[in-house]
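Just below is one structure, and these are the notes that go with it.
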Amino acid sequence: MKKFFALLATVIIFTTPVFADVPTIISDGYEYVQLRAVAEAHGYALEWDGEYRLVRIISPQGDEFYIYTTDEDGVKIDNGRVFIRSLYAELFFGSLNAPENPEIHGMLTRVRHGDNVAYIFGSMHASQPHWFPLADIAEDAMRRADIFAFEVDMLEMNNLSDEQHDRIQELQILPDGKTLEDILCEEIFADFMEAFETFYAIGMTYEDISDLTPVALLMSLESIMVMLLGVDLGITVDSYIADFAVENELPIIGLNCILREMEIVFDIPLEIQATAMVGFPDFFMMLDMFEESALVEIYVEQDIERLREMFRAMNAAQQGNEYSELMSYNMFTVRSNIFADEIARLLVETEEPTTFFVTIGMGHIIGCDGGGGGMVLARLRDMDFEVVSLWEQ
């Protein structure tokens with residue numbers, strides 16, 4: 001398990017074009033490029049922490065990334081120099097020479113109850129370096145805020161108790177020493193293994209993920225695909241906003257507790273989870289699917305109609321699959337209702353006049369049908385709150 005998450009942390013580092021005239025080596029049939037040469041060619045600085053065998057990479061914007069130089073696939077040490085798989089480097093460094101700031105407004109919406117106000121901002125839970133600062137209306141709302149709210153408490157996530165950590169791991173690991181081979185029927189497992197072999201291209205083997213539940217595996221792979229399309233899941237829109245709150249010594253709260261969030265998403269009967277592995281795509285097909293969805297492009301352009309079309313298409317594609325339908329219901333309807341109800345409670349029960357800045361996933365604002373289906377704004381309107389779309393003004 002530790003090996004898998006170390007690998008995932010390595011993949012997080014790397015997200016798109018490329019380099020020439022840098023030292024390379026060939027190992028295990030793959031080309032590796034010298035990390036320092038590639039990084040410095042793109043304006044990055046590198047620092048070495050010998051105690052932890054850690055490479056710290058500092059972007060021109062001051063953002064930091066880390067590589068643990070253990071014997072994980074994708075990282076090699078040769079004569080004291082760190083080399084990384086050329087595939088990773090190709091997928092990372094070019095995205096930094098990005099276009100001008102896209103002024104992301106996140107469908108900023110104001111919800112009012114008496115003297116209390118909540119500004120609701122739609123995040124992608126990811127970022128590219130050129131996304132910041134956000135659009136003026138969002139930055140202005142942040143400056144007005146007294147309290148910042150996220151789906152979960154961003155600070156609590158960094159201070160989990162041992163009990164919370166153990167429960168989260170329990171939700172993502174198969175029970176009683178079982179493996180995917182034990183819970184999948186023979187035919188589905190054979191098809192899965194044939195497709196999964198292509199993930200060896202990024203250094204991931206079956207042994208790395210064999211004890212993960214199907215939900216944990218699919219979510220991890222989806223995160224990797226998003227990162228390979230040039231976004232960063234480490235420095236996200238959410239963390240940018242949380243940093244603003246911390247720097248200004250403003251409180252951060254969560255709309256839901258971490259364990260409840262994890263249980264909603266991961267606590268699904270294994271017999272239902274197993275159906276998610278039917279038609280499991282190979283690495284290149286999965287990457288193509290994410291690329292074709294134009295998820296990053298649509299969010300950066302803040303093309304709301306295309307986002308709505310994408311959610312409608314996702315909803316239609318999930319029909320008829322027990323796992324997909326249940327996961328969609330849990331991820332969107334259940335959680336959106338929780339978020340909306342907590343926003344409503346904060347607005348009604350907070351006695352002193354207070355302004356909240358609320359950051360939630362864009363899908364909870366848009367919804368599969370363009371606003372209904374239990375999505376946050378629709379539910380708040382149904383509760384007779386004043387809901388005003390600032391991004392359209």
Side-chain angles (χ1 to χ4, degrees), residues 101-112 117-128 130-142 144-145 148-152 154 226 231-233 235-242 244-245 252-256 261 293-315 328 331-344 346-347 355-381 385 387-393:
N101 185 292
E103 297 189 356
I104 291 171
H105 55 66
M107 283 186 72
L108 188 72
T109 301
R110 186 183 65 221
V111 182
R112 188 188 299 276
V117 173
Y119 291 103
I120 301 178
F121 178 92
S123 171
M124 187 180 164
H125 303 321
S127 77
Q128 292 179 322
H130 65 290
W131 290 8
F132 309 117
L134 301 171
D136 288 345
I137 56 169
E139 295 282 341
D140 181 62
M142 289 165 59
R144 293 171 182 265
F148 286 75
F150 299 86
E151 294 179 7
V152 296
M154 298 284 286
V226 171
V231 300
D232 184 355
L233 302 185
I235 302 171
T236 67
V237 173
D238 307 63
S239 62
Y240 170 81
I241 295 170
F244 177 91
I252 291 175
I253 61 175
L255 300 177
N256 200 6
E261 279 280 283
S293 74
L295 177 64
V296 178
E297 173 189 332
I298 293 172
Y299 183 76
V300 169
E301 294 179 356
Q302 298 284 273
D303 190 331
I304 305 306
E305 286 309 311
R306 285 181 69 192
L307 277 168
R308 287 177 174 148
E309 289 173 9
M310 183 180 70
F311 278 103
R312 292 190 193 102
M314 288 170 53
N315 192 44
S328 178
M331 286 287 288
F332 290 102
T333 304
V334 172
R335 295 172 66 240
S336 292
N337 288 344
I338 290 171
F339 300 154
D341 291 349
E342 181 61 11
I343 292 168
L346 290 169
L347 289 170
T355 297
F356 300 89
F357 191 95
V358 181
T359 304
I360 56 179
M362 185 70 90
H364 299 290
I365 296 177
I366 291 178
C368 296
D369 60 1
M375 296 301 119
V376 168
L377 299 183
R379 189 170 179 86
L380 289 169
R381 288 191 183 98
F385 285 93
V387 179
V388 177
S389 298
L390 301 180
W391 63 278
E392 295 181 300
Q393 296 180 4

Say you draw a straight line from [atom1] of [X] to [atom2] of [Y]; how long is it, rounded to the nearest 0.5 Å?
{"X": "I120", "Y": "T359", "atom1": "CD1", "atom2": "OG1", "value": "10.0 Å"}
{"X": "R379", "Y": "F339", "atom1": "CZ", "atom2": "CZ", "value": "12.5 Å"}
{"X": "L255", "Y": "I360", "atom1": "CG", "atom2": "CD1", "value": "7.5 Å"}
{"X": "R110", "Y": "L390", "atom1": "CZ", "atom2": "CG", "value": "5.5 Å"}
{"X": "M362", "Y": "Y299", "atom1": "CE", "atom2": "OH", "value": "5.0 Å"}
{"X": "R335", "Y": "N256", "atom1": "CZ", "atom2": "CG", "value": "8.0 Å"}

Could you walk me through whether F148 and M142 pass the side chain to side chain contact (heavy atoms under 4.5 Å, CB included) check?
CA-CA 8 Å; F148 286 75; M142 289 165 59; 4.1 Å; yes
Let's go through T109 and L377 carefully: what are the C-alpha distance in whole Å and the side-chain angles of both, what is the deciding distance for side chain to side chain contact (heavy atoms under 4.5 Å, CB included) to 0.1 Å, and is it a yes or a no?
CA-CA 8 Å; T109 301; L377 299 183; 3.7 Å; yes
Does either side chain, that of H364 or that of S336, offer a donor lying less than 3.5 Å from an acceptor on the other one?
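The criterion, which ignores hydrogens and geometry beyond distance, is satisfied for S336 and H364.
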Can D238 and S123 be counted as having a side-chain donor-acceptor contact under 3.5 angstrom?
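Judged by distance alone, the side chains do pair up.
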Under a 4.5 Å cut-off applied to non-hydrogen side-chain atoms, are [X] and [Y] in contact?
{"X": "M107", "Y": "I366", "answer": "yes"}
{"X": "L380", "Y": "I343", "answer": "yes"}
{"X": "F121", "Y": "V358", "answer": "no"}
{"X": "F356", "Y": "V117", "answer": "no"}
{"X": "D303", "Y": "L307", "answer": "no"}

Any donor and acceptor pair, going by atom type alone, linking the side chain of [X] with main-chain N or O of [Y] inside 3.5 Å?
{"X": "E139", "Y": "L134", "value": "yes"}
{"X": "E103", "Y": "D136", "value": "no"}
{"X": "S389", "Y": "E392", "value": "no"}

Between E309 and R306, is there a side-chain N and carboxylate O pair less than 4.0 Å apart?
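R306 and E309: not salt-bridged.
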In terms of relative ring orientation, are Y240 and F132 parallel, tilted or perpendicular, with 30° and 60° separating the classes?
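Y240 and F132: parallel rings.
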Mind telling me whether H105 and W391 have parallel, tilted or perpendicular rings, with 30° and 60° as the class edges?
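Plane angle under 30°, so parallel.
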Test side chain to side chain contact (heavy atoms under 4.5 Å, CB included) on Q302 and I104; report intermediate values, then the result.
CA-CA 7 Å; Q302 298 284 273; I104 291 171; 3.6 Å; yes
Heavy-atom closest contact ([X] atom, [Y] atom, distance):
{"X": "V111", "Y": "V387", "result": "CG2-CG2, 4.2 Å"}
{"X": "A141", "Y": "L108", "result": "CB-CD2, 4.0 Å"}
{"X": "M375", "Y": "T333", "result": "CE-N, 4.2 Å"}
{"X": "W131", "Y": "M124", "result": "CH2-SD, 3.7 Å"}

